[in-house]
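A quick write-up on the structure given underneath.
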Amino acid sequence: MNKVHQARFLDQIAIMFGREPKKPTEITERAQQVHELKRMANKVEVRAAILKAHEKPHGNTWRNRRWTFLLAVNLLFVVSFYLDIQILEGSLSASRLIGFHLIDLNSALQVMLAHKHIIVNLVIGTATVLAIWMLLGGRTFCSWVCPYHFVAEFAEKLHLSMAKKKLVSDQPMSRGLRTWFWVIFALAALGTGYTVFEAISPTGILSRALIYGPGLALLWVAALLLFEVTFSRRAWCRYVCPIGLTYGVVGIVSPVRVKYTLQGCFHEGDCKKVCLVPHVLETVVKGRAVDTEVILGPDCTRCGACVDVCPTGSLKFDIKGLSKIL
């Protein structure tokens with residue numbers, strides 16, 4: 001890893017913990033050449049190229065794949081419970097897949113903090129989960145498995161529709177709040193002896209409600225969705241949820257990532273408009289890419305929305321090392 005890429009890698013981690021993206025101070029020579037060519041390009045020709053690129057409407061290939069997988073995983077819990085077929089038992093907080101224990105990493109951490117010692121069974125149960133999300137990219141859990149992410153997407157569509165009519169406005173908050181909430185919930189578990197976050201986690205509430213039936217806790221989930229519709233777009237996932245931060249840290253070295261190619265990008269920003277975590281796409285802003293190929297940061301949820309909407313294919317899924325072989 002050269003100096004430029006090392007600086008960006010550390011910068012991405014800082015951004016995940018809440019620091020705002022900054023214009024890079026070091027850019028590779030080859031990227032500087034491409035940036036200069038883009039600055040010198042004829043604006044009329046560029047505009048014509050953009051219009052041509054947008055002639056073909058984008059599809060929702062990755063969104064459809066993601067929704068199918070997310071619904072399949074969550075419904076498998078339901079089917080296993082009601083038919084008692086013992087394929088995927090429990091809930092997203094803790095489960096068994098054909099007899100193998102699987103425990104959510106953030107839930108396991110909360111339990112161990114509450115009990116104030118390392119529980120061997122939890123360590124064993126988290127090992128497989130840790131390996132899976134280190135391989136796939138931790139925050140892939142958020143967009144490909146989390147049921148709250150699924151319903152929040154529809155709340156976001158409603159928010160954007162209302163915002164377009166000027167019925168609501170989006171109020172951004174500091175992303176650093178998520179790091180503080182992670183610490184607060186950890187200290188709460190340590191101090192009270194209870195897994196405080198699990199009681200209010202919309203991920204756990206929705207998972208249990210889907211499997212075992214609805215309860216009063218769904219009113220809390222409804223309140224969160226109402227807040228996101230009327231006040232702050234995707235507020236829970238962007239500014240609060242410690243699960244996302246935990247899995248972001250786990251996926252720092254994941255080989256599965258979204259790769260940005262500078263050369264063909266028109267910098268029109270469609271990708272940032274659809275992204276749950278637009279700060280990871282700061283590199284697509286004109287003049288910001290530190291190299292001709294840049295990997296999005298660990299806070300990326302690998303949802304594929306930017307890949308679907310990009311008209312030039314400048315954003316694509318990539319597996320580290322595999323692309324060189326192929």
Check: About how many Å separate CD1 of I87 and OG of S95, when rounded to the nearest 0.5 Å?
Finding: 13.0 Å
Check: Which residue pairs pass the ring pair (Phe, Tyr, Trp, His ring centres under 6.0 Å) test with at least one member in residues 46-67, sequence neighbours excluded?
Finding: W62-F317, W67-F150, W67-F154
Notebook entry, point to check: What closest approach, in Å, do V258 and L315 show between heavy atoms, and which atom pair accounts for it?
Noted result: CG1-CD2, 4.1 Å
Item checked: Evaluation steps, side-chain contact (heavy atoms from CB on, under 4.5 Å), between I295 and F9 -> CA-CA 9 Å; I295 304 304; F9 178 73; over 6 Å; no
Next item on the list: Walk me through it: do T28 and T292 pass the test side-chain contact (heavy atoms from CB on, under 4.5 Å)?
Entry: CA-CA 8 Å; T28 64; T292 52; 5.6 Å; no
Notebook entry, point to check: Is there a side-chain contact (heavy atoms from CB on, under 4.5 Å) between V277 and R139 once you walk through the steps?
Noted result: CA-CA 11 Å; V277 281; R139 290 215 65 194; 3.5 Å; yes
Notebook entry, point to check: Taking R96 for the side chain and Q86 for the main chain, is one N or O donor matched with an acceptor at less than 3.5 Å?
Noted result: no
Check: Among the clusters formed by ILVMFWY side chains lying less than 4.5 Å apart, do I98 and L88 turn up in the same one?
Finding: yes
Notebook entry, point to check: Which pair of heavy atoms, one from M16 and one from G248, lies closest together, and at what distance?
Noted result: SD-C, 3.5 Å
Under 3.5 Å, sequence neighbours excluded: what are the donor-acceptor pairs made by side chains of residues 204-224?
residue: S207; atom: OG; partner: L92; partner atom: N; Å: 3.1
residue: R208; atom: NH2; partner: E198; partner atom: O; Å: 3.3
residue: Y212; atom: OH; partner: G90; partner atom: O; Å: 3.4
residue: W220; atom: NE1; partner: I200; partner atom: O; Å: 2.7

Check: What's the shortest heavy-atom distance between Q32 and I27, and which atoms?
Finding: NE2-O, 2.8 Å
Margin query: Check this for me: Q263, atom CD, are more than 12 non-hydrogen atoms of other residues, nucleotides or ligands nearer than 6.0 Å?
Written below: no
Next item on the list: Ignoring hydrogens and angles, tell me if any N or O in the side chain of T301 forms a donor-acceptor pair with the backbone of S143 under 3.5 Å.
Entry: no
Checklist line | Between CH2 on residue W182 and CG on residue L109, distance to nearest 0.5 Å | finding: 5.0 Å
Margin query: Is the shortest side-chain heavy-atom distance between C303 and L276 below 4.5 Å?
Written below: no
Next item on the list: Inspect the surroundings of NZ in K166 and state if more than 12 heavy atoms from other residues, nucleotides or ligands are less than 6.0 Å away.
Entry: no
Next item on the list: Using a 4.5 Å cut-off on heavy atoms from C-beta on, say whether the side chain of T203 contacts that of F141.
Entry: yes
Check: Which distance, rounded to the nearest 0.5 Å, do you find between the CZ of F231 and the CE of M173?
Finding: 7.0 Å
Next item on the list: Using the rule that two of Ile, Leu, Val, Met, Phe, Trp, Tyr join whenever any of their side-chain heavy atoms come within less than 4.5 Å, decide whether L226 and V168 are in one cluster.
Entry: no
Margin query: Are there over 12 heavy-atom neighbours, none belonging to Q171, within less than 6.0 Å of that residue's CD?
Written below: yes
Margin query: One thing to verify: whether R178 and D299 come together as a salt bridge, which I'm taking to mean a side-chain N less than 4.0 angstrom from a carboxylate O.
Written below: yes
Note to self: Quick check: closest heavy atoms across R19 and R175, and the distance to 0.1 Å?
What the structure shows: O-NH2, 2.7 Å
Notebook entry, point to check: Do the side chains of E228 and H159 get nearer than 4.5 Å, heavy atoms only?
Noted result: no
Notebook entry, point to check: Can you find a heavy atom in the side chain of T283 that is under 4.5 Å from one in the side chain of V290?
Noted result: no
Check: Is R302 reaching over with its side chain to a backbone N or O of C300, donor-acceptor style, under 3.5 angstrom?
Finding: yes
Check: Is the shortest heavy-atom distance from the side chain of L135 to the side chain of P255 under 4.5 Å?
Finding: yes
Margin query: In the structure I gave you, are the side-chain heavy atoms of V145 and F69 within less than 4.5 Å of one another anywhere?
Written below: yes
Check: Looking at Y260 and L262, what are the two nearest heavy atoms and their distance?
Finding: OH-CD1, 3.7 Å
Notebook entry, point to check: Can a salt bridge be assigned to the pair R234 and E153 using a cut-off of 4.0 Å between side-chain N and carboxylate O?
Noted result: no
Check: Same cluster or not: are V309 and W144 linked, directly or through other Ile, Leu, Val, Met, Phe, Trp or Tyr residues, by side-chain heavy atoms under 4.5 angstrom apart?
Finding: no
Item checked: Flag side-chain contact, heavy atom, 4.5 Å: Y247 against D104 -> yes
Notebook entry, point to check: Would you find a donor on one side and an acceptor on the other, under 3.5 Å apart, between the side chain of T68 and the backbone of N64?
Noted result: yes
Notebook entry, point to check: Is it the case that one hydrophobic cluster holds both L105 and V253, taking links as side-chain heavy atoms less than 4.5 Å apart, direct or via other members?
Noted result: yes
Next item on the list: Of all the heavy-atom pairs spanning R238 and C275, show the shortest one and how long it is.
Entry: NH2-O, 3.4 Å
Note to self: Does any part of the side chain of V284, heavy atoms only, come nearer than 4.5 Å to the side chain of R288, both counted from C-beta?
What the structure shows: no
Notebook entry, point to check: Is H101 reaching over with its side chain to a backbone N or O of A94, donor-acceptor style, under 3.5 angstrom?
Noted result: no
Notebook entry, point to check: Measuring from S93:OG to I243:CD1, what's the distance to the nearest 0.5 Å?
Noted result: 7.5 Å
Margin query: Checking the side chain of H117 only, and the main-chain atoms of M112 only, is there a donor and an acceptor separated by less than 3.5 Å?
Written below: no
Margin query: So for atom CH2, which belongs to W236, do other residues, nucleotides or ligands contribute more than 12 heavy atoms lying within a distance under 6.0 Å?
Written below: yes
Margin query: Hydrophobic cluster membership, with links at side-chain heavy-atom distances under 4.5 Å among I/L/V/M/F/W/Y: are V285 and L296 in one?
Written below: no
Notebook entry, point to check: So, N60 side chain and R63 main chain: donor-acceptor pair closer than 3.5 Å or not?
Noted result: no
Note to self: Around atom CE of M134, are there more than 12 heavy atoms from other residues, nucleotides or ligands closer than 6.0 Å?
What the structure shows: no
Item checked: Interatomic spacing from CG in L10 to NE2 in H5 - rounded to 0.5 Å -> 13.0 Å
Notebook entry, point to check: Does the pair L225 and V151 meet the rule for a side-chain contact (heavy atoms from CB on, under 4.5 Å), with working shown?
Noted result: CA-CA 8 Å; L225 292 171; V151 296; 4.2 Å; yes
Check: Taking the side chain from K320 and the backbone from S254, do they hold a donor-acceptor pair closer than 3.5 Å?
Finding: no
Check: Within the distance-only criterion (no hydrogens, no angle test), does the side chain of D11 pair as donor or acceptor with the backbone N or O of A7 below 3.5 angstrom?
Finding: no
Margin query: I'd like to know if R39 pairs up with E36 as an ion pair, taking the criterion as any Lys NZ or Arg NE/NH1/NH2 lying under 4.0 Å from an Asp or Glu carboxylate oxygen.
Written below: yes
Item checked: Rounded distance (nearest 0.5 Å) linking atom OG1 of T312 with atom CD1 of I50 -> 9.5 Å
Note to self: Checking the side chain of K316 only, and the main-chain atoms of T261 only, is there a donor and an acceptor separated by less than 3.5 Å?
What the structure shows: no
